[in-house]
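To keep things clear, I will list the structure first and then write my remarks on it.
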Number of protein chains: 2
Amino acid sequence: MERNTRQRTAIRQAIADAARPLLPQEILQAAEPEAPGLSIATVYRNLRMLVDDGELKSVLLPGEVARYELTGDGHHHHHFQCLSCQRVFEVEACPGDLSSLAPPGFTVEDHDLTLYGRCNECAPAGKAKSRKPAHDHAAGHSHRHR
Amino acid sequence: MERNTRQRTAIRQAIADAARPLLPQEILQAAEPEAPGLSIATVYRNLRMLVDDGELKSVLLPGEVARYELTGDGHHHHHFQCLSCQRVFEVEACPGDLSSLAPPGFTVEDHDLTLYGRCNECAPAGKAKSRKPAHDHAAGHSHRHR
DNA sequence: ATCTTTGCAAAATGTTTGCATCCTG
DNA sequence: CAGGATGCAAACATTTTGCAAAGAT
């Protein structure tokens, strides 16, 4: 990744402008106005390059397609997904060391945590197209091709 | 889902016999000897039926394809993935209430937690085909087609 | 001018579905 | 023997890749 193209700039900008991790499709839509004719293949190619470069980080939530956010200072953090609008937000807090939770003989090196609930824009009452509670997973659909 | 077929019995048994959540492919391989000619389509169809029936639960880890485990008593628990062998194990412990971690205006209803490290069979040194640390996600690959 | 990057279309993956047939109850 | 369940292949959604054309330095 060495040259600066209109497409790459638009993709970078789209992610930088978002206040939350975006889906490849959202990135395409956000960047397309800046780079007319932008193709999804180019979005994927650039996402991969930017992640390899350390400029971006992919945000993987259980059963969800990868989203992307700026690496920023790269500090440890987690994510929150709204059960109503499905959008994902960064969460600064972290429960800390969880090595005591592992079974004997197992060593913990890292962890991933996702919180589920309602974001500030979605009323805690409005049970819209909600995802099922995390430990009540619906049928397998990592590839359910949402 | 009303009839008892050789295939369905084999699938149920394969999952019951496993000490950990299995991938659809692992289920196919484990059940095939009991039900020769078993097709992957049948595995998927039954997994979905059994999940809908509440007999099974899908285990979704970040960036991973769905795995399946028995619902059992359906108690709240989490999972551990070995960075060396990639296998997933159940973890009884839970950090408890995490609602304080959410940003103001957000309400937490549930959470998902995944621990990463080495299982009892994989030496903490053997850095085999390991997954990257959780907050250092590799490029998107919910569909990375392992 | 060179060599990266793009767009398009085709391939690869994991999962789902249509349909004729098979088998359970 | 009726209707659910299976196997096969085709369909799907998402992501990747081959290749010729376009573009950046």
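Order of the sequence lines sets the chain letters (A, B, ...), proteins ahead of strands, with each chain counted from 1. Every heavy atom of this structure was used, including side-chain atoms; hydrogens, water molecules and symmetry mates were not.
Residues A:His76 and A:His111 place their aromatic rings such that the two centres sit under 6.0 Å apart. Between A:Phe89 and B:Phe106, the ring centre distance stays below 6.0 Å.
In the region residues 24-38 of chain B, proximity to DNA chain D at under 4.0 angstrom, judged on heavy atoms, holds for B:Gly37, B:Leu38.
Checking side-chain atoms of B:Thr71 against main-chain N and O of B:Glu55 turns up a donor-acceptor pair under 3.5 Å. Proximity of a side-chain donor or acceptor of A:Gln81 to a complementary backbone N or O of A:Gln86 within less than 3.5 Å is detected.
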Under 3.5 Å, which donor-acceptor pairs link side chains of residues 20-36 of chain A to any protein atom two or more places apart or in another chain?
residue: A:Glu26; atom: OE1; partner: A:Leu23; partner atom: N; Å: 2.8
residue: A:Glu32; atom: OE2; partner: A:Gly37; partner atom: N; Å: 2.9

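Between B:Glu64 atom CD and C:dT13 atom P there is a gap of 17 Å when expressed in whole angstrom units. Between B:Arg8 atom CZ and C:dC22 atom C1' there is a gap of 14 Å when expressed in whole angstrom units. Across the protein-nucleic acid pair, A:Ile40 atom CD1 and D:dT17 atom P stand 15 Å apart, rounded to whole Å. Protein atom CG of A:Leu47 is 15 Å distant from nucleotide atom C1' of C:dT6, rounded to whole Å. Taking atom CG of residue B:Asn46 and atom C1' of nucleotide D:dA5, one finds them 8 Å apart after rounding to whole Å. Counting to the nearest Å, the P atom of D:dA5 and the CD1 atom of B:Ile11 are 12 Å from each other.
Taking every heavy atom of both residues into account, A:Gln7 and A:Leu38 meet most closely at CG-CD1, 3.7 Å.
Linking ILVMFWY residues whenever their side-chain heavy atoms come closer than 4.5 Å, directly or via other members, places A:Tyr68 and A:Val43 in the same cluster.
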Could you give me the CA-CA distance, side-chain angles and deciding distance for A:His79 and A:Glu69, then say whether side-chain hydrogen bond (donor to acceptor under 3.5 Å, both in side chains) is met?
CA-CA 11 Å; A:His79 294 90; A:Glu69 66 183 10; 3.1 Å; yes
Just by protein heavy atoms under 4.0 Å, how would nucleotides 19-25 of chain D read 5' to 3' in B, S and -?
----BBS
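Aromatic ring pairs are classed by plane angle as parallel below 30°, tilted from 30° to 60° and perpendicular above 60°; the pair B:His75 and B:His77 is tilted.
Counting only heavy atoms from C-beta on, B:Arg48 has its side chain closest to C:dT16 among D:dT14, C:dT16, C:dT15.
Heavy-atom distances to DNA chain C give each of B:Tyr44 and A:Gln7 a nearest nucleotide, and the one nearer the 5′ end belongs to A:Gln7.
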